[in-house]
**Q** 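Starting off with a structure, shown below.
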2 protein chains.
Amino acid sequence: MLTIGKIARATGVTIDAVRYYERERLLAPARKSRAGYRLYGADTVRRLKFIRHAQQCGFSLAEIRELLELRTRERSCCKDVRSVAIAKRAQLDARIEALQELAQALDRLIEACDDDAKPLDDCPILGALEGAFQGESRPRAAPAANRARS
Amino acid sequence: MLTIGKIARATGVTIDAVRYYERERLLAPARKSRAGYRLYGADTVRRLKFIRHAQQCGFSLAEIRELLELRTRERSCCKDVRSVAIAKRAQLDARIEALQELAQALDRLIEACDDDAKPLDDCPILGALEGAFQGESRPRAAPAANRARS
DNA sequence: CTTGACCCTGGTACCAGCTCCAGGGTTTAG
DNA sequence: CTAAACCCTGGAGCTGGTACCAGGGTCAAG
């Protein structure tokens, strides 16, 4: 039986985070000692490691909760887990692609600015950022201004 | 002279965001009409477009403020701007690489789970997430538990 | 003159994922 | 016995970038 401090050190999660996970229903409410101290067993160590690893794999706490619930649901099988992972994988790909586009846009800007110490007025980077330039995608889907005139 | 609603529509930024940028010193305090209405000129339109484009390039508002300050500082030159862009580019690369590692880790998990509807107890994904697995990097740099015993 | 669109300020709420604090009680080492 | 180290609850604060609200003033059209 581990107290919260010990399980925290054992799993590399802070004490506050453990309590937070309990509040957020990623951990079942812990058994308590007479004094009200939380007591944990090996199962919670495993669960916390699961959470940590899944976070490192890019899952949000909400997604992790979903995985954990899948695990305790009778009727679900491995395939369900797999499909969650695949969906996450696709999300990740989209995110990577978006970042790569950003990187390319930045590259174009950097390239345009061959480093011969121009005055700022001629800086092609600032100029490009100022005017409408290559991308100009995402017109922000009908800004709707404010709550006014909706 | 544009009122805030007009400049918002002209630049694709919400009214609230324009006011927020003013508070956060990305825009100089606007000139006001007798009634206290903010009035903007073409320079602010350009500045807002700059902000929007820079955001699309992955710059945070703090970084954008830095760029804008560079621009109004006498002694700075194009090279300074360029080096900010290059630093951002490097950051972006690191982020992309990290995500690609995640994607690979997920791929390994998905691959391990060849979809023949195993019961959950045998699910290799859940198993891998639970135990110490391939990566196990980043032991979270001395967790320090809580403020206690520091 | 009235309606409705627009603007103001100052404040609160939201997202995630914690972190930290006050003000207590408990356990353990010396 | 005492002091340090640990634990509790409940709540606030943080990050970034807004969104939204109340309660008011202003402006233009009909």
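Convention: sequence-line order gives letters A, B, ...; per-chain numbering from 1. Predicted model, so just to flag it, every value in this text is computed and none were measured. Keep in mind that the numbers below use all heavy atoms, side chains included, and drop hydrogens, waters and symmetry copies.
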**Q** Starting at atom CD1 of I15(A), determine the distance to atom C1' of dC8(D), rounded to an integer number of angstrom.
**A**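 These atoms are roughly 11 Å apart.
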**Q** Rounded to the Å, how far apart are L39(B) CG and dT26(D) C1'?
**A**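 Result: 13 Å.
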**Q** Whether the side chain of K49(A) engages the backbone of T11(A) through a donor-acceptor N/O pair (distance < 3.5 Å, no angle test) should be reported.
**A**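 No.
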**Q** Nearest-Å distance, CD (E22(A)) to P (dC18(C))?
**A**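 About 15 Å, once rounded to whole Å.
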**Q** Measure the distance from OH on Y37(B) to P on dG24(D) and round it to the nearest whole Å.
**A**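 These atoms are roughly 16 Å apart.
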**Q** Looking at dT9(D), I'd like to know if its phosphate oxygens (OP1 or OP2) sit under 4.0 Å from a side-chain N or O belonging to R38(A).
**A**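 Yes, within the criterion.
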**Q** When hydrophobic residues are tied together by side-chain contacts of less than 4.5 Å, even through go-betweens, does Y20(A) share a cluster with V45(A)?
**A**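 Yes, Y20(A) and V45(A) fall within the same hydrophobic cluster.
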**Q** For dT19(C) and T14(A) - does any side-chain N or O of the residue sit under 4.0 Å from the phosphate oxygens OP1/OP2?
**A**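 Yes, such a contact exists.
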**Q** According to a 4.5 Å side-chain heavy-atom criterion applied to Ile, Leu, Val, Met, Phe, Trp and Tyr, with indirect links allowed, do I110(B) and L102(B) form part of one hydrophobic cluster?
**A**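 Looking at the clustering, L102(B) is in a separate group from I110(B).
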**Q** Return whichever of A35(B) or K32(A) has its heavy-atom-nearest nucleotide of DNA chain D closer to the 5' end.
**A**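 Counting from the 5' end, the first nearest nucleotide belongs to K32(A).
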**Q** What is the distance, to the nearest angstrom, from the CZ atom on R52(B) to the P atom on dG17(D)?
**A**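 Going from R52(B) (CZ) to dG17(D) (P), I get 15 Å.
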**Q** Check whether any side-chain N or O of R38(B) sits under 3.5 Å from a backbone N or O of R31(B) as a donor-acceptor pair, and report yes or no.
**A**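 Not confirmed, R38(B) side chain does not pair with R31(B) backbone.
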**Q** Taking the side chain of S60(A) as its heavy atoms from C-beta onward, which of dT9(C), dT19(C), dG17(C) lies nearest to it?
**A**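 Looking only at heavy atoms from C-beta outward on S60(A), the closest nucleotide is dG17(C).
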**Q** Please tell me whether L48(B) and L39(B) are part of a single hydrophobic cluster in this structure, the criterion being side-chain heavy atoms less than 4.5 Å apart.
**A**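 No: no chain of side-chain contacts under 4.5 Å links L48(B) to L39(B).
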**Q** Between dC8(C) atom P and R23(B) atom CZ, what is the distance in whole Å?
**A**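 The answer, rounded to whole Å, is 12 Å.
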**Q** Please work out if T3(A) contacts a base, only the sugar-phosphate, or nothing of the nucleic acid, heavy-atom cut-off 4.0 Å.
**A**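 Answer is sugar-phosphate: T3(A) comes under 4.0 Å of backbone atoms only.
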**Q** Nearest to the side chain of Q55(A), heavy atoms from C-beta on, is which of dT26(D), dC7(D), dG17(C)?
**A**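 Minimum distance to the Q55(A) side chain belongs to dG17(C).
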**Q** Return yes if the base of dG16(D) and the side-chain atoms of Y20(B) contain a donor-acceptor N/O pair under 3.5 Å, otherwise no.
**A**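 Absent.
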**Q** Nearest-Å distance, CZ (R25(B)) to P (dG16(D))?
**A**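 So the CZ-P distance, R25(B) to dG16(D), works out to 13 Å.
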**Q** Tell me whether the side-chain N/O atoms of Y21(B) come closer than 4.0 Å to OP1 or OP2 in dT18(D).
**A**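 Checking Y21(B) against dT18(D): at least one side-chain N or O falls below 4.0 Å of OP1 or OP2.
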**Q** Give the rounded distance in Å between these two atoms: CZ of R19(A) and P of dG10(D).
**A**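 Going from CZ in R19(A) over to P in dG10(D) covers 12 Å.
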